[in-house]
Engineer: 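Provided herewith is a single structure, encoded as structure tokens, for subsequent inquiry.
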Amino acid sequence: MKIFIDTANLDMIKEINSWGILDGVTTNPSLIAKEGTDTRTRVKEIAKIVDVPISAEAMSLDSEGMIKEGRELASIHENINVKLPMCVEALKATKVLSGEGIDVNMTLIFSAQQALLAAKAGARYVSPFVGRLDDIGQQGMEVLGQVVGVFFNYGFGTEVIAASIRNPIHVLDAAAMGCDIATIPYNILLQMVSHPKTDEGIQNFIKDYEKSKKK
Ligand code: G3P
């Protein structure tokens with residue numbers, strides 16, 4: 001499974017890239033606003049520090065605007081793909097942009113039916129929001145599994161990004177079902193590294209090593 005980081009923070013991206021595990025970066029307007037910058041400036045900066053796909057969200061709500069913005073964002077760097085929010089206008093824009101070789105990440109996906117339409121329109125990625133479904137008492141993982149299953153049945157080239165990841169179990173479940181990608185917040189990547197038995201083991205080895213040195 002590919003691992004993307006879900007952040008617009010440059011230090012976090014640099015740090016995770018240094019681990020040798022980074023396959024992509026996803027941003028959204030909320031993550032960009034948290035950094036006190038704008039999408040164009042920040043994705044340009046991200047493209048300078050990592051050589052992986054980077055999602056940049058277009059803010060227009062009509063297909064013409066989405067296409068114009070999509071072209072502008074994609075022209076910043078060859079690694080940039082355009083995030084569009086699932087709706088009829090985004091499907092129309094996806095058809096045009098994908099026809100021009102511009103990758104689209106259809107975001108705010110909450111059902112397999114939406115994902116199916118996005119894939120048919122030519123999206124390179126679809127992003128089902130697992131955590132936000134859980135938040136409203138629905139089974140985010142169940143929807144993710146349906147998307148993965150439908151795409152497998154028909155051999156769609158569209159990759160599924162497990163998004164709105166809230167804990168390491170979400171990552172494990174996504175990997176176990178064969179989801180292509182998980183876009184993971186920095187704090188959850190840190191949690192995935194740690195295990196109390198690993199920490200305990202390291203401490204015990206250090207203690208025994210110190211003891212053996214004294215002999
Ligand atoms: O980037 C899209 C998605 O991952 C957002 O997650 O936690 O705001 O629901 P969240």
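From a predicted model like this one, the values you see are computed outputs, not experimental measurements. Because only heavy atoms are used, hydrogens play no part in the values below, and waters and symmetry mates are left out as well, while side chains stay in. Remember, it's 1-based here, ligands and their atoms both numbered in the order they're listed.
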Engineer: Does atom CD of E64 have more than 12 heavy-atom neighbours, drawn from other residues, nucleotides or ligands, at distances under 6.0 Å?
Structural biologist: no

Engineer: Using a 4.0 Å cutoff against the non-hydrogen atoms of N28, which atoms of ligand 1 qualify?
Structural biologist: 1 (O), 2 (C), 5 (C)

Engineer: Among all protein non-hydrogen atoms, which one is nearest to atom 2 (C) of ligand 1, and what is the separation to 0.1 Å?
Structural biologist: F129 CZ, 3.3 Å

Engineer: Can you report which non-hydrogen protein atom sits closest to atom 1 (O) of ligand 1, along with the distance?
Structural biologist: D6 OD1, 2.9 Å

Engineer: Which of the atoms in ligand 1, numbered in the order shown and given with their element, are less than 4.0 Å from a heavy-atom of A163?
Structural biologist: 4 (O)

Engineer: Closer than 4.0 Å to some heavy atom of R166 - which atoms of ligand 1 meet that?
Structural biologist: 7 (O), 9 (O), 10 (P)

Engineer: Kindly check if the number of other-residue, nucleotide or ligand heavy atoms within 6.0 Å of CG (D51) is above 12?
Structural biologist: no

Engineer: In terms of atom number and element, which parts of ligand 1 are under 4.0 angstrom from non-hydrogen atoms of R132?
Structural biologist: 5 (C), 8 (O), 9 (O), 10 (P)

Engineer: Is R124 salt-bridged to D103, cutoff N-O under 4.0 Å?
Structural biologist: yes

Engineer: As an exercise, identify every atom of ligand 1 less than 4.0 angstrom from a heavy atom of K83.
Structural biologist: 1 (O), 2 (C)

Engineer: Evaluate S164 for polar contact with ligand 1, using N/O atom pairs at a separation under 3.5 Å.
Structural biologist: yes

Engineer: Looking at K207 and E210, is there a salt bridge between them, counting it only when a charged N and a carboxylate O are closer than 4.0 Å?
Structural biologist: no

Engineer: Determine, for R132 against D135, whether the closest basic-nitrogen to carboxylate-oxygen distance falls under 4.0 angstrom.
Structural biologist: no

Engineer: For V143 and F110, work out which heavy atoms get closest and say how close.
Structural biologist: CG1-O, 3.8 Å

